Structures are given as C-alpha cells and as structure tokens.
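These notes are about the structure you will find just below.
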Amino acid sequence: MILTLAFRNLFHDRIRLAVTLVGILFSIVLVAVQLGLYLGSSRMITAMIDRANGELWITTYGAKSFEDGGMLLTQAERHQALATPGVKAVIPLVVRFQEWRKPSGGSTRVVVVGADQEDGGLAPWALVEGTWQDIKAPDAIAVDRSYLDELDISGIGSTAQIGLGRVRVRAMTDGIRSFTRSPYVFTPLSRARKLIGADSTRTTFFLVQLNPNANAETVRTELRNRLGSAEVLTKQEFHDRSLVQWLFRTGAGVALIGGELLGILVGTVIVAQTLYSSTKDHLNEFATLRALGSSSGYIHKVILAQAGLSAVVGYLLGMLISLGVLLLSKSSPLPLVMTPGLAAALFALTVGMCAISAVSAIIKVTKIDPATVFSR
Amino acid sequence: MTQKPILSAKNIKKELGKGAGRVLALRGVDMTLNPGELTLLMGPSGSGKTTLLSILGCILAPTKGTIKIAGQETGGLNPEDLAELRRAHIGYIFQSYNLFPTLNALENVRIALDVIGQKGYPAAQRAEEVLHDVGLGHRLKNFPSNLSGGEQQRVAVARAIASSPEIVLADEPTAALDSENGHAVMALLAKIAKEQKRSVLAVTHDPRTLGYADRVVRIEDGQIIGEERRPDGLDAPEIADLTKRRKANG
Ligand SMILES: Nc1ncnc2c1ncn2[C@@H]1O[C@H](COP(=O)(O)OP(=O)(O)O)[C@@H](O)[C@H]1O
Ligand SMILES: [Mg+2]
C-alpha cells in the first residue's frame with residue numbers, strides 16, 4: 001500500500017510529476033554526457049598505452065603522454081636495458097607529430113607511430129582493410145578510416161606526403177581516434193624514422209617485456225639505476241600520467257567534472273522542490289495516516305517511495321535520451337562512451353539524488369501533528 | 001456493570017485557540033468506555049463533542065486530565081508511542097471522513113489495515129468484507145470523488161472498523177446518511193459492540209439512533225450534563241435479527 005499511495009500521490013499532479021522528471025532527466029543526461037565524454041576521452045588518450053604489449057615503458061625524462069616522448073632515446077639505453085636481469089625484450093617505438101601534406105594542397109598534422117609488428121610491442125589493431133604485410137610494402141602506411149576527409153584522401157591507394165616522404169595508404173583501421181585531433185599514421189619503425197627525419201638510432205620509447213617470473217618493481221628499480229637520464233614507468237603509471245596531462249593540466253577534465261556537479265546540484269534542487277511541494281499538498285493525508293496510528297517510519301517510507309519511483313522513471317527516461325545522444329555522437333570527433341558500470345553508477349546517483357531530495361519533505365512531515373486532520 | 005473499562009478519562013480540560021479566540025472547549029469531563037457497550041454522545045453543535053472524541057482517541061492532547069487506555073496512562077507518552085496506542089486499540093471515524101482522495105474505496109480501507117501491519121491477500125479480503133458490510137460491495141473501485149457524501153462516510157466507517165479495534169470512536173457517523181443507511185451503520189456499530197465485545201462511542205444528534213444505544217451521555221458547553229442507561233438497548237439476537245431483515249429487504 002505504501003507504493004500504491006506513493007504512486008498515486010506522484011501521478012495525481014501530472015504537471016509536478018513532469019517537472020520532477022525533467023529535473024531528473026536534466027541531471028542524468030548532463031552527467032551521462034559529461035561522464036561519457038570523460039570516459040571516451042580517457043580511452044582515446046590511453047588507447048595506445050593500453051594496447052602496447054609491455055609491462056614497463058622507458059621514456060625520456062618527464063614525457064607527459066604518448067605524443068610527448070621526443071626522439072632522445074638511443075641504442076645505448078636499449079643495450080643497457082637488455083642487459084638488465086628479468087628483461088625479456090626491449091621494443092623501440094617511434095611517435096612524433098609530423099606535417100601531412102594534403103594531395104590537393106594545404107597541410108595538417110598527424111602523429112606518426114612507428115613500430116614493427118614482428119617485435120610484438122604495438123601494431124595497428126582494428127584493421128578493416130589491408131594487413132601488416134601491406135603496411136610493410138614500400139611507402140605504405142595505415143590510417144583510420146574516420147580521418148579520410150581530414151587527410152584529404154579517398155582510401156586505400158591514396159597517396160600523400162608526410163614531411164619529406166611520399167606515402168601510400170595500404171591499410172585502414174576503424175575507430176582508432178586521437179585525442180589531440182591529429183590522426184595517427186601507423187608505419188614500420190624504419191619508415192617512421194625516415195618520415196620524421198630522425199637518425200636511425202633514435203627512438204621515442206622502449207617498451208620493456210619481462211620474463212614470466214620477473215618482478216616488475218625490482219626490474220624497474222634496476223632499470224632506473226642503469227638508465228640515469230631516462231624514466232622508467234609502469235604501464236599504469238604512464239596511463240595515469242597521460243590522463244592527468246590531457247584531462248587536468250589542460251582543464252578539459254575539470255570542465256567535465258564541473259558540468260557533472262552542476263547537473264547533480266540542479267537536479268537535486270528541482271526534485272527536492274517538487275517533492276516538498278507534493279508533500280505539502282498531501283499533508284492532510286499524512287496527518288490522517290498519523291491519526292490512523294501509522295508510525296513516522298511508515299510515512300517516511302511513503303515519501304521515500306515517491307522519491308524512489310521518481311528516480312526509477314526519471315532514470316529510465318534519462319538513459320533513453322542519453323543513449324540517443326550517444327548514438328548521435330558515434331561519428332563525432334569525440335564519441336561518448338557508456339558502460340554497464342557507468343549505467344549502474346548513474347542509477348546509484350539518481351537514487352541518491354532523490355533520497356537527498358526527500359530529506360526536506362521528511363523533515364516537514366515528521367513535525368506533523370495528527371490533530372491537523374481536524375483543521376480542514 | 002462491573003466490567004473493567006477499556007478506556008477511562010478523568011477531568012479532561014482542553015483549551016483551544018490563542019489570545020482573544022481562546023475557548024475552553026472542555027471543562028473537566030469524565031468518561032469511561034466499557035467493552036460490549038455502544039455509547040452515544042449527544043449535544044448541540046460546538047459543545048465539544050469532536051474535541052472530546054479526538055482527545056479520547058489520543059489524536060489531540062488534553063490541556064489537563066488523565067486518560068487510561070487498556071491499562072496504559074497516556075500522559076507523557078511521545079508521539080510515536082501515542083501512534084502505537086492508536087493503531088493497537090482505536091478505530092476513528094472522522095466527522096469529515098478524511099479519506100485519501102487518490103485511493104479508491106477498497107484501498108482506503110486497505111491502507112488503514114496496512115498501517116497496523118495487516119497486509120497482502122487476507123487484508124484485501126477483509127477490506128472487501130467490511131465494505132460489503134456497510135453496503136458498498138458494488139463501489140470497491142470508486143474513488144472518493146466518485147462517491148456520494150453518504151458513501152464516503154460509509155467508507156470511513158469501514159476503514160475504522162476493519163481491524164476490529166477494541167475502541168471505535170465515531171464522530172457523527174450517520175450525519176450524511178439517509179434513514180436506511182443510517183440505521184444500517186448504527187446496527188453495524190451495535191453489532192460490533194455486542195458480538196465482538198468492543199466499545200463504541202458515537203457522536204450523534206440523530207434521535208433515530210437512540211434505539212441502538214446502551215447508554216446516552218449528554219454534553220453541553222464542554223461539560224457532561226447527564227447520562228442515562230437505556231435498558232431497552234437492543235441485545236445481540238435482536239440486532240442480528242434486524243440486520244438479517246434489512247439484508248433480506250435490500
Ligand atoms: N482549533 C480550534 N481553535 C479554536 N477553537 C476551536 C478549535 N476547534 C474547535 N474550537 C471550538 O471549540 C468548541 C468545541 O468544538 P467541537 O469539539 O468541534 O464541537 P462539536 O464537535 O461539539 O460541534 C467550539 O466552540 C469550537 O468553536
Ligand atoms: Mg463536531
């Protein structure tokens with residue numbers, strides 16, 4: 001009966017219900033979009049690091065992200081690393097911004113990612129056309145299909161110029177997008193060095209793979225001692241550092257979090273307001289319940305059930321809209337991401353928001369005197 | 001009668017209103033209610049009947065005086081304890097019905113049962129049964145706004161008696177009823193008093209109800225001015241007979 005009464009009270013005043021739901025919807029959609037952007041950005045920022053197959057990263061000192069490594073590491077570091085106990089392989093990666101000259105004039109920046117698949121460190125995943133063998137052909141590169149327009153090319157077989165070298169698209173990935181908005185160009189290690197005009201001994205990162213029984217922390221300490229000027233990071237550390245760099249140093253993440261808080265706040269205020277006014281309107285009934293001998297707990301449950309019902313309905317509608325926005329964002333430069341975890345978190349948030357909103361209504365009703373029933 | 005009263009009130013005084021509008025609504029009222037008795041409280045409008053009833057029902061606190069319900073003093077009890085006392089012992093019929101506008105007749109009765117912890121199918125059954133008893137078997141799904149005043153009043157009666165409380169306090173339970181339904185409700189209250197050994201205190205102006213009473217208490221200006229026993233009050237078989245006849249007619 002608690003649910004019945006809550007449900008009826010809620011649906012009794014349609015306009016107020018609509019306002020409540022709009023409040024919840026507003027919050028959910030705003031938070032879903034912000035968190036979706038956050039997740040989408042995070043994934044984009046760390047995709048390369050997450051995909052690379054190696055426990056440790058050797059970077060130049062202070063490298064802040066995948067795109068920020070410079071070309072300072074040399075064969076000397078590689079040999080020192082290889083000689084470190086517990087190290088199985090040390091795989092060079094070249095990553096560098098370079099100018100892409102569009103076939104019909106003008107230019108844009110790309111991130112050249114050089115690695116040899118045979119090394120087992122990093123290779124273009126999500127290939128939808130062409131293979132690694134194709135990428136090994138003379139002048140060959142792989143680009144993501146979503147950047148064709150931006151690169152001013154039509155697809156497989158298109159040619160362009162990166163720096164001073166001619167390149168031909170021989171493979172395409174799908175969905176490897178770049179947070180810096182400069183498209184990634186995959187190519188073998190030696191061609192990458194040529195395209196960016198680097199010495200054949202220079203490298204951006206060394207990806208370190210360990211022997212199965214090696215302790216990552218021990219190896220890391222040892223590597224640090226041996227490689228005075230380079231930095232040795234675990235995969236997780238480099239992942240976190242990249243996120244901090246792009247999401248917080250640049251303020252993008254702060255804006256996202258600010259947006260979320262605003263959404264939560266506005267939603268809570270709206271729901272609290274409508275729930276309070278609903279409670280006020282039904283005060284006589286709550287007094288009657290009290291006069292019939294209901295405990296105050298029973299009455300609180302009615303109000304909480306009202307809040308809970310609003311939460312469930314608002315959540316379902318909010319998710320529907322959020323998923324719509326998500327779908328629309330699929331082809332945008334920054335697609336939103338929704339995961340089961342995020343959906344669950346949003347639900348918890350909605351319920352929490354509604355529970356907090358119920359507080360003022362509960363306080364109001366707790367003070368109710370059953371003798372109010374005689375005052376109408 | 002040597003029976004132990006289920007409710008006894010002593011020297012109840014109640015001040016209502018503030019400042020210039022202050023009224024002494026009750027000026028020292030004594031009242032005892034015994035199981036198995038239907039008592040009528042009669043008096044002119046404004047004499048303090050509703051005030052007395054709501055104090056006996058532990059909804060309103062007296063300014064002075066003591067009330068004992070089922071052996072328990074109510075003085076000093078906190079609102080939560082008073083609520084418990086109400087749900088354990090008292091069924092109240094409000095003069096203004098106080099039905100839940102968003103619940104239908106059946107649900108209005110069910111929620112009163114729900115409040116005292118009677119839930120599920122048995123409670124629904126019971127609610128339907130009492131609504132039948134008050135002649136509303138055909139109006140179960142109607143909302144108060146679609147019920148006549150008399151029908152609403154009968155829902156209020158059903159709600160108060162559904163849990164078979166030991167004390168039924170009825171504030172003008174027949175005021176909105178036509179003669180036939182008024183008699184039916186009074187017969188039902190009398191039957192509850194007799195057969196289930198409950199105490200019923202009903203406020204009324206209606207001389208037609210006198211025949212059902214075991215006792216009539218008269219109140220005027222916040223004071224009890226007289227009390228009479230009615231030896232000719234109906235006994236249980238007679239009421240059963242009356243109810244049967246009415247059912248046969250209806
Ligand atoms: N809330 C109130 N404030 C001030 N006076 C009240 C209030 N309620 C009732 N009264 C007064 O108390 C007296 C008794 O009222 P009430 O018990 O309702 O009478 P009855 O039910 O016998 O008609 C009346 O004079 C009435 O005007
Ligand atoms: Mg009255």
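Numbers restart at 1 for each chain; the letters A, B, ... are given by sequence-line order, proteins then strands. Bear in mind the structure is a predicted one, so any value in this text is a computation, not a measurement.
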Legend entry - Residue B/T50 versus chain A: region with a heavy atom under 4.5 Å: side chain
Inset, instruction - Might you confirm whether atom CZ of A/F11 has over 12 heavy atoms from other residues, nucleotides or ligands at distances under 6.0 Å? - result: yes
Inset, instruction - May I ask you to decide if B/I59's main-chain N or O and A/R290's side chain share a donor-acceptor pair within less than 3.5 Å? - result: no
Legend entry - Interatomic distance, B/E80 atom CD to A/S294 atom OG [nearest 0.5 angstrom]: 8.0 Å
Legend entry - Winner by heavy-atom pair count (cut-off under 4.5 Å) against chain A, out of B/I111, B/I90, B/L85, B/L60: B/I111
Legend entry - Spacing of CG belonging to A/L10 relative to OG1 belonging to B/T102, to within rounding of 0.5 Å: 10.5 Å
Legend entry - Beyond-backbone contact of A/V373 with B/Y92, side-chain heavy atoms, under 4.5 angstrom: no
Inset, instruction - Applying side-chain contact (heavy atoms from CB on, under 4.5 Å), name anything that partners A/Q273, two or more places apart in sequence or on another chain. - result: none
Inset, instruction - Look up atom CD in A/E285 and atom CG in B/L103, then write down how far apart they are to the nearest 0.5 Å. - result: 7.5 Å
Legend entry - ring pair (Phe, Tyr, Trp, His ring centres under 6.0 Å) against A/F248, all qualifying residues, sequence neighbours excluded: none
Inset, instruction - Spell out the residues in residues 339-369 of chain A that have some non-hydrogen atom less than 4.5 Å away from a non-hydrogen atom of chain B, in order of number; otherwise answer 'none'. - result: A/D369
Inset, instruction - Identify which of B/P101, B/A160, B/C58, B/A123 forms the greatest number of heavy-atom pairs closer than 4.5 Å to chain A. - result: B/P101
Inset, instruction - Sequence neighbours left out, what pairs pass salt bridge (Lys or Arg N to Asp or Glu O under 4.0 Å) with at least one residue falling in residues 96-122 of chain B? - result: A/R8-B/E107, B/D114-B/K119
Inset, instruction - With rounding to the nearest 0.5 Å, note down the distance linking CG in B/N108 to CG in A/L5. - result: 9.5 Å
Legend entry - Atom pair CZ/CG of B/R87 and A/L292 - distance to nearest 0.5 Å: 11.0 Å
Inset, instruction - Between chain B and each of A/G297, A/A371, A/A291, A/A287, count heavy-atom pairs under 4.5 Å; write down the option with the most. - result: A/A291
Legend entry - A/F374 CZ to B/L53 CG distance, which is reported to the nearest 0.5 Å: 7.5 Å
